[in-house]
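I have placed the structure first, in the form of structure tokens, so that the comments after it can refer back to it.
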Amino acid sequence: MRGISAVPTYVVMQPTTLCNLDCSYCYLPFRADDRRMPVAVAEAVAEAVEPWARTGRFSVVWHGGEPLAAGRDHLATLLAPFGPAVEHHVQTNATLIDDAWCEFFAEHRIRVSVSVDGPRQRNDDRVNRGGRPAYDRIVAGIAALRRHGIPFSALCVVANPEPGLAAELYSYFLDLGCDVLGINVEELEGVNTRTNRHPAAAVTGFWAELVAAWRRDPRIHLREVEWSLRYVASVLDGTADEVLPRRLDPIPTVAHDGSVVLLSPELAGFSDPRYGDFTSGNVLTTPLAEILAGALDTPWIREFIDGVEACRDTCPYFGFCGGAHAANRYFEHGRFDGTTTDHCRNSKIRLLEGVLNHARDHEPTAAV
Ligand code: SF4
């Protein structure tokens with residue numbers, strides 16, 4: 001894997017900056033403001049992605065803020081310019097989902113991913129603007145999805161990996177009925193400055209325990225564990241070089257005003273005296289394909305590529321990780337050309353070690 005691809009596999013879109021919740025670990029800077037995406041931005045993106053969607057699988061991920069806070073009417077006007085080959089996804093806190101939203105998802109064939117951090121007592125960080133717990137509204141939204149037979153993925157943030165937690169979470173998500181589960185160990189980024197440094201054994205133990213729980217009942221696609229197993233299998237059969245894409249996916253994030261941040265959605269809305277506002281252009285003035293073709297003209301991206309190459313030269317986990325995310329380097333190191341972050345320790349290195357530890361602990365005993 002070298003350089004950045006000129007064609008992404010998905011685009012992240014911000015229909016509004018607003019979120020109706022105020023979770024304590026959130027990285028978003030303008031989540032109290034309702035800055036809505038005009039239709040002209042969606043039209044420009046739709047025109048750009050059409051040829052990509054015709055030749056391969058292509059997705060638009062409606063993110064936020066909380067995308068449902070834009071309202072059904074506005075979201076419908078933003079969806080309208082896209083052709084039928086484009087897959088649409090929403091990443092939502094689920095609190096606004098009701099029967100009408102479920103009908104909207106079905107009508108527009110939108111795939112839904114909900115954010116929920118496990119059982120009630122694990123959701124203390126999820127609060128509304130008045131500081132009141134959001135859990136009951138989250139599960140009410142998920143109940144509506146289930147009533148309507150709408151499949152959904154779940155995304156769970158883990159603030160503090162500790163013994164017993166992985167098994168508890170896996171059992172909860174089995175009952176919740178999601179078909180895919182992603183686990184994010186909380187990250188220090190954006191306006192969230194809480195530390196994400198944890199004892200190595202606790203994080204490795206968390207991932208090992210999660211694999212064990214999944215293997216007992218593998219009904220859910222467990223995103224991180226499946227990535228790891230795919231990589232381990234490729235090492236064993238000599239195809240590890242083929243696991244990472246040939247080039248980095250540029251992951252364009254199109255903010256409400258049409259500005260484009262590449263590689264890390266978490267950088268949108270921030271600025272730095274050295275790097276400016278991290279944007280690489282605006283779809284209202286420059287076609288998205290042109291913005292992507294000139295990605296390396298953005299100074300921080302050149303610095304990030306230097307960091308990825310430093311990872312390739314120094315880190316034994318590079319073949320699995322590919323250099324992780326730009327935003328984690330920036331928010332942890334203040335620049336992009338460093339290598340190891342607490343994020344990559346938690347979510348790459350200790351993930352792979354946890355999966356391997358599980359395998360070592362369950363080696364078949366030799367026949368005697
Ligand atoms: S694990 Fe960390 S140091 Fe290693 S390649 Fe990934 S980001 Fe770089």
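In each ligand, atom 1 is the first atom listed, and ligand 1 is the first ligand listed. We count residues from 1, following the sequence as given.
- Contact atoms of ligand 1 toward Cys315: 1 (S), 3 (S), 4 (Fe), 5 (S) (distance under 4.0 Å to a heavy atom of the residue).
- Of all atoms in ligand 1, numbered sequentially from 1 with element shown, those under 4.0 Å from a heavy atom of Ile349 are 1 (S).
- Taking the six-membered ring for Trp and thresholds of 30 and 60 degrees, Phe278 and Phe336 have ring planes more than 60 degrees apart, a perpendicular arrangement.
- Set against the non-hydrogen atoms of Phe318, the atoms of ligand 1 under 4.0 Å away are 5 (S).
- Note on ring orientation: taking the six-membered ring where Trp is involved, the planes of His108 and Phe104 are tilted (angle from 30° to 60°).
- In summary, the side chains of Arg350 and Asn357 do not present any donor paired with an acceptor at a separation below 3.5 Å, with no hydrogens or angles considered.
- When each of Thr16, Asn93, Thr17 is checked for a side chain to side chain donor-acceptor pair (under 3.5 Å) with Glu66, only Asn93 meets the rule.
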Given the rule in the side chain to side chain contact (heavy atoms under 4.5 Å, CB included) test, do Val235 and Phe320 qualify, once you have shown the distances and angles that lead to the verdict? CA-CA 10 Å; Val235 170; Phe320 170 60; over 6 Å; no
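- When only modelled atom types and interatomic distance are considered, Thr253 and Gln14 share no side-chain donor-acceptor pair under 3.5 Å.
- Shown in contact with Thr340 at under 4.0 Å from a heavy atom are these atoms of ligand 1, numbered in order with element: 3 (S).
- Those atoms of ligand 1 with a heavy atom of Cys311 less than 4.0 angstrom away are 3 (S), 5 (S), 7 (S), 8 (Fe).
- Distances from atom 8 (Fe) of ligand 1 show that Cys344 has no N/O/S atom below 2.8 Å.
- Annotation for ligand 1: atoms under 4.0 Å from non-hydrogen atoms of Ala324 are 7 (S).
- Proximity to Cys321 (heavy-atom distance under 4.0 Å) selects the following atoms of ligand 1: 1 (S), 5 (S), 6 (Fe), 7 (S).
- Under 4.0 angstrom from ligand 1, there are no non-hydrogen atoms of Thr314.
- A side-chain donor from one of Tyr317 and Glu353 sits under 3.5 Å from a side-chain acceptor of the other.
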